[in-house]
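Remarks on the structure that follows.
Nothing here was measured: the structure is a model prediction, and the numbers come from that model. Below, chain A is the first sequence line, B the second, and so on; all start at residue 1.
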Number of protein chains: 2
Amino acid sequence: MRRKLFDLLRLVANSRWGRFIIRILVVHMNFILPLERLIETRTLIAFHHPRPAYPLHIVLMPKEAIQNLMVLPLDNTVFMQDMFASVQQLIVQFDLETSGYRLICNGGPNQDIPQLHFHLISEVSIDERA
Amino acid sequence: MRRKLFDLLRLVANSRWGRFIIRILVVHMNFILPLERLIETRTLIAFHHPRPAYPLHIVLMPKEAIQNLMVLPLDNTVFMQDMFASVQQLIVQFDLETSGYRLICNGGPNQDIPQLHFHLISEVSIDERA
């Protein structure tokens with residue numbers, strides 16, 4: 001269910017009205033999104049990727065509509081602090097200093113939805129970590 | 001020459017005195033490093049990776065000794081702003097909105113030298129971009 005909704009959302013995001021719809025969803029209605037939330041702050045949400053590409057695949061996304069890294073306002077230090085604080089919290093929570101991790105932000109044609117987001121991933125599965 | 005020095009540095013970085021030597025080099029003597037500098041601000045340097053793993057492979061590194069993402073001080077907003085401002089400048093300079101890019105920070109066993117650094121990479125070669 002969660003995955004199908006996500007696939008639909010990804011389809012919509014890349015349609016003509018995608019940016020508008022994403023803006024409404026992320027900024028005003030993010031509480032309706034069926035996400036496994038890990039962290040929520042004033043400025044961002046962090047959740048398990050509905051279609052994980054790695055054994056651990058977390059997405060961190062600002063609540064404000066920011067299309068990509070290129071248009072991140074440089075005076076928005078509250079979001080920057082929230083981002084790095086959340087990443088540090090998740091590193092501890094999932095013991096990523098031991099298993100290894102990558103924090104990734106894709107841009108241009110590498111970005112799949114028109115809303116800034118960071119991936120925090122680990123290539124080591126939870127079984128291998130145990 | 002640049003590559004051989006880099007290989008030596010990487011070897012030293014992972015030795016017993018690595019953290020100490022990296023600290024001295026990065027904080028007090030970074031002007032001696034034979035790097036192709038692209039940006040230098042109060043808080044960071046950005047340079048072409050001496051051993052690129054991608055057609056475009058830039059490294060952004062704080063001048064202050066910060067071992068990894070986990071210990072990035074959350075009140076160091078000047079570095080965070082410099083980081084994102086530099087990334088935005090490089091996106092424009094290398095037309096990365098067109099060719100695509102990834103901003104990556106590796107941690108734990110995925111990190112190769114004990115000094116925080118971000119990779120800004122593009123999988124599209126300059127020839128393909130032209």
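- Interface residue A/Asn68: only side-chain heavy atoms are found under 4.5 Å from chain B.
- Of all the listed residues (B/Val87, B/Asp82, B/Thr77), the one sharing the greatest number of non-hydrogen pairs under 4.5 Å with chain A is B/Thr77.
- Options A/Gly107, A/Gly108, A/Pro109 differ in how many heavy-atom pairs under 4.5 Å they form with chain B, and the most are formed by A/Gly107.
- B/Gln88 places a side-chain N or O within donor-acceptor distance of the main-chain N or O of A/Leu69, the cut-off being under 3.5 Å.
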Item to check | Verdict with reasoning, A/His57 to A/His48, per ring-ring contact (aromatic ring centres under 6.0 Å, His included) | outcome: CA-CA 6 Å; A/His57 193 165; A/His48 283 296; 9.7 Å; no
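- Each of B/Ile39, B/Leu120, B/Leu38 was compared with B/Ser86 under the side-chain contact (heavy atoms from CB on, under 4.5 Å) criterion, and only B/Ile39 meets it.
- Across A/Asp75 and B/Gln81, no two heavy atoms sit closer than the pair CA-NE2, 4.0 Å.
- No other option in A/Asn110, A/Ile121, A/Thr98 has as many heavy-atom pairs under 4.5 Å with chain B as A/Asn110.
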